[in-house]
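To start, the structure itself, in structure tokens.
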Amino acid sequence: MSHRPFPGRRSVLRGSLAASAALTLPTALGSAPAFALSGRPKAGWGVQTGDVTCDSGLVWVRSDRPARMIVETSATESFRNARRWHGPLLGADTDFTGTTRLRGLPSGEQIHYRVLLADPDDPRRTGAPVTGTFRTASARRRDGIKFLWSGDLAGQGWGINPEFGGYTIYNAMGALDPDFFLCSGDNIYADGPITSSVALPDGSTWRNITTQEKSKVAETLAEFRGNFRYNLKRFNAQVPSIVQWDDHEVTNNWYPGEILGDSRYTEKSVDVLASRARQAFSEYFPISTLRRPDGRVHRTVRYGPLLDVFVLDMRTYRNANSTDDQTTDAQGILGAEQLKWLKGELSRSRAVWKVIASDMPLGLVVPDTGDGKPNIEAVAQGDPGAPLGRELQIAELLRFIKHRGITGTVWLTADVHHTSAQHYQPSRAAFTDFEPFWEFVSGPLNAGAFPASALDNTFGPERVFVKAPTAANVSPAGGYQFFGEVDIDGHSGELTVRLREQDGTVLFTKVLQPGRVGQ
């Protein structure tokens, strides 16, 4: 593949990967800043970048007190001829976090950046700079693209275990030097408390770092913020992210309007919890759309002539979980507004590859039995016949893609805590008005692993590869932690997907040809 090397960036990575699993210093996991502080502002939670394009990117930081955010960028690590960007004033209203948009950056270049925090009353008083680096997308096709994806972090009670090395999967991901990392949801488990120790089946003990905010289910804004702080990683300073959310940023299998019957919660309104979670999500990730009045998560990230990423939100607009066997369903899992947006964006895209970042799989049956009913959480409901329920909306989208002649669509997802590759083919399907396509599943990053989900034949999926445990909730110490890699060759346009496990070992490889239908 023609993916270009950046030796300078690799040297930065070598110095940080050993500690990339998590920011495990006490200051990094602490609660909101205290105001009886002396000295200069400090950024003990690291830095991160997100939604990088050919000429722009977002830089994030958190301060330990009120401070003015200043970002400097340079083509070199020496920061000679640095360019300065004045960011927001960081205060209690955003939990002392802030994001600065960098514009007019050179395409396809390594950008070194450092964040300074200045005393609001004396701009000459600044704290020690915190540094990071990222690559802008290239406007030249020949440069190629490499990115990774996965999801599901600190779930089922499996948190940061120093004896295990923390979130070790990030070491293997960082070593691949990707252009960006796509997190397909469940960035936190707000509904999953972390205890100090968990007994393992072999008689040993898994030991977690714990915090006050992770000791119970998140209900208050402060508790949601603490959940996001828990998962900050040094990896973020070296690899920009494209982030979407799923259910566990709020609570398991949630949908708008839901009233919880879970006795762990004193706040029963999911809408109230989701509003607090969304605010914390917007404060702790550099995502441009979350500053919009509607706070939407779905968006398109254009990454040069080879790639557009269409980031879906299968939470905010969905209907209530049910048996999902209705014969008409205008709302579905995307909502009419988002479906219209996605059709328009796909039609306008001129990228060779169109990655649809879906926070839930299409043909894998994901049940929701929390209230004792045989409800459905995702799209497929197990009936192998004609589309019903939420499948109707997906059928409409797949039909649209076919009839508009849109090529190069690939679906990437996580959620189900195992890794697999599904090929969807109309000759095997009950619904046939679509072109064949691939869906690749990866994850978890650091959470319980679960057996493979059942397939629903409505769209004719064939599971070409799967790796999953036979028991439920296998700990990260037991393996079955996964991430995926996508490598797009700048000369041939070939897209190669590799499914990898925790140490980076390649489990499965599939090469797709650009513009080819039916592969």
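What you see below is based on every heavy atom in this structure, not just the backbone, and it leaves out hydrogens, waters and symmetry mates.
Taking the side chain as every heavy atom from C-beta outward, I488 and V352 never approach each other to under 4.5 Å. Between F434 and I401 the shortest side-chain heavy-atom distance does not fall below 4.5 Å. Looking only at side-chain heavy atoms (C-beta outward), V410 and K354 stay at 4.5 Å or farther from each other. The shortest distance between side-chain heavy atoms of L398 and F437 falls below 4.5 Å. Within the 4.5 Å cutoff, the side chain of L148 has no heavy atoms near those of the F180 side chain. Between F310 and V301, the closest side-chain pair of non-hydrogen atoms is not below 4.5 Å. Side-chain contact between R299 and D51 is present, with at least one heavy-atom pair separated by less than 4.5 Å. Between Q244 and C183 there is no side-chain heavy-atom pair separated by less than 4.5 Å.
Side-chain N or O atoms of H418 include one that pairs as donor or acceptor with a backbone N or O of V416 at under 3.5 Å. Put simply, the side chain of D456 never gets that close to the backbone of V365: no donor and acceptor are under 3.5 Å apart. In terms of modelled atom types and a separation under 3.5 Å, the side chain of Y284 and the main chain of G226 share no donor-acceptor contact. In this structure, T251 contributes its side chain and W254 its backbone to no donor-acceptor pair below 3.5 Å. Looking at S150, its side chain does come within 3.5 Å of a backbone N or O of F482 through a donor-acceptor pair. For the pair R62 (side chain) and D95 (backbone), a donor-acceptor distance under 3.5 Å is present. S358 places no side-chain N or O within donor-acceptor distance of the main-chain N or O of P361, the cut-off being under 3.5 Å. A distance-only check finds no donor-acceptor pair linking the side chain of Q338 to the backbone of G335 [under 3.5 Å]. A donor-acceptor pair is defined here as one N or O able to donate and one able to accept, closer than 3.5 Å; no such pair exists between the side chain of D247 and the backbone of N252. Q393 places a side-chain N or O within 3.5 Å of a backbone atom of I333 that can act as its donor or acceptor partner.
Evaluation of the side chain to side chain contact (heavy atoms under 4.5 Å, CB included) rule for P367 yields T369 as partners, not counting sequence neighbours. In this structure, the salt bridge (charged side-chain N to carboxylate O under 4.0 Å, His left out) partners of R315, at least two apart in sequence or on a different chain, are D246, E377. Listed by chain and residue number, D433 satisfy the side chain to side chain donor-acceptor pair (under 3.5 Å) test with K402 (two or more places apart in sequence, or in another chain). For K467, the salt bridge (charged side-chain N to carboxylate O under 4.0 Å, His left out) test picks out E501, with sequence neighbours left out. Taking the side chain to side chain donor-acceptor pair (under 3.5 Å) definition, one finds that Y189 meets it with H417, sequence neighbours left out. For A449, the side chain to side chain contact (heavy atoms under 4.5 Å, CB included) partners are P469, V474, Y480, Q481, not counting sequence neighbours. A search for side chain to side chain donor-acceptor pair (under 3.5 Å) contacts involving N253 returns D368, not counting sequence neighbours. Scanning for side chain to side chain donor-acceptor pair (under 3.5 Å) contacts around S241 gives an empty result, with sequence neighbours left out. Annotation: side chain to side chain contact (heavy atoms under 4.5 Å, CB included) contacts of T195 (sequence neighbours excluded): V198.
Aromatic ring pairs are classed by plane angle as parallel below 30°, tilted from 30° to 60° and perpendicular above 60°; the pair F431 and F459 is perpendicular. The aromatic rings of F440 and F508 sit tilted, their planes meeting at an angle between 30° and 60°. A perpendicular orientation is assigned to the rings of F181 and F235, their planes being inclined by more than 60° (bins at 30° and 60°). The aromatic rings of W206 and F164 sit tilted, their planes meeting at an angle between 30° and 60°.
Between the CG atom of L388 and the OG1 atom of T328 there is a distance of 10.5 Å, given to the nearest 0.5 Å. Taken from CD1 in I194 to CD1 in I160, the straight-line distance is 8.5 Å, to the nearest 0.5 Å. Here the OG1-CD distance, from T458 to Q381, works out to 5.5 Å after rounding to the nearest 0.5 Å.
Note: F285 and F281 meet the aromatic proximity criterion, with ring centroids under 6.0 Å apart. Taking the six-membered ring for Trp and the full ring otherwise, H298 and Y317 have centroids separated by under 6.0 Å. In summary, the aromatic rings of Y303 and F147 are positioned with their centroids too far apart to meet the 6.0 Å limit.
Using a cut-off of 4.0 Å between Lys/Arg side-chain N and Asp/Glu carboxylate O, R390 and D329 are scored as not salt-bridged.
Residues W149 and V486 approach most closely at CZ3-CG2, 3.9 Å, considering heavy atoms. Minimum heavy-atom separation, L499 to V441: CD2-O, 4.0 Å. Closest heavy-atom contact between F224 and A218: CZ-O, 3.4 Å. Of all the heavy atoms in L445 and I169, the pair that sits closest is O-CG2, 3.5 Å. Of all the heavy atoms in S263 and K268, the pair that sits closest is CA-NZ, 4.0 Å. Smallest separation of non-hydrogen atoms from A154 and G159: CB-CA, 4.5 Å.
The stretch residues 215-226 participates, sequence neighbours left out, in these salt bridge (Lys or Arg N to Asp or Glu O under 4.0 Å) pairs: K216-E219, K216-E223, R225-E283. Note on residues 436-453: pairs passing side chain to side chain donor-acceptor pair (under 3.5 Å), not counting sequence neighbours, are Q422-E439, Y424-E439. Applying the salt bridge (Lys or Arg N to Asp or Glu O under 4.0 Å) test to residues at least two apart or on different chains, the pairs with a partner in residues 338-349 are R302-E345, K343-E396, E345-R348.
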Full working for side-chain hydrogen bond (donor to acceptor under 3.5 Å, both in side chains) between N236 and W60: CA-CA 10 Å; N236 297 343; W60 174 98; over 6 Å; no

Steps toward side-chain hydrogen bond (donor to acceptor under 3.5 Å, both in side chains) verdict (N187, E249): CA-CA 7 Å; N187 297 270; E249 282 83 2; 2.7 Å; yes

From CA spacing to verdict: side-chain hydrogen bond (donor to acceptor under 3.5 Å, both in side chains), W245, D313: CA-CA 7 Å; W245 73 349; D313 178 356; 3.2 Å; yes

Check against side-chain hydrogen bond (donor to acceptor under 3.5 Å, both in side chains), N208 and T210: CA-CA 6 Å; N208 290 309; T210 60; over 6 Å; no

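In this structure, a donor-acceptor pair under 3.5 Å is present between the side chains of S349 and D308. Between the side chains of T323 and D325, at least one donor-acceptor pair of N or O atoms lies under 3.5 Å.
For R404, the CZ atom sits in a loose shell: 12 or fewer heavy atoms of surrounding residues, nucleotides or ligands are nearer than 6.0 Å. Within a 6.0 Å sphere centred on NZ of K373, other residues, nucleotides and ligands contribute 12 heavy atoms or fewer.
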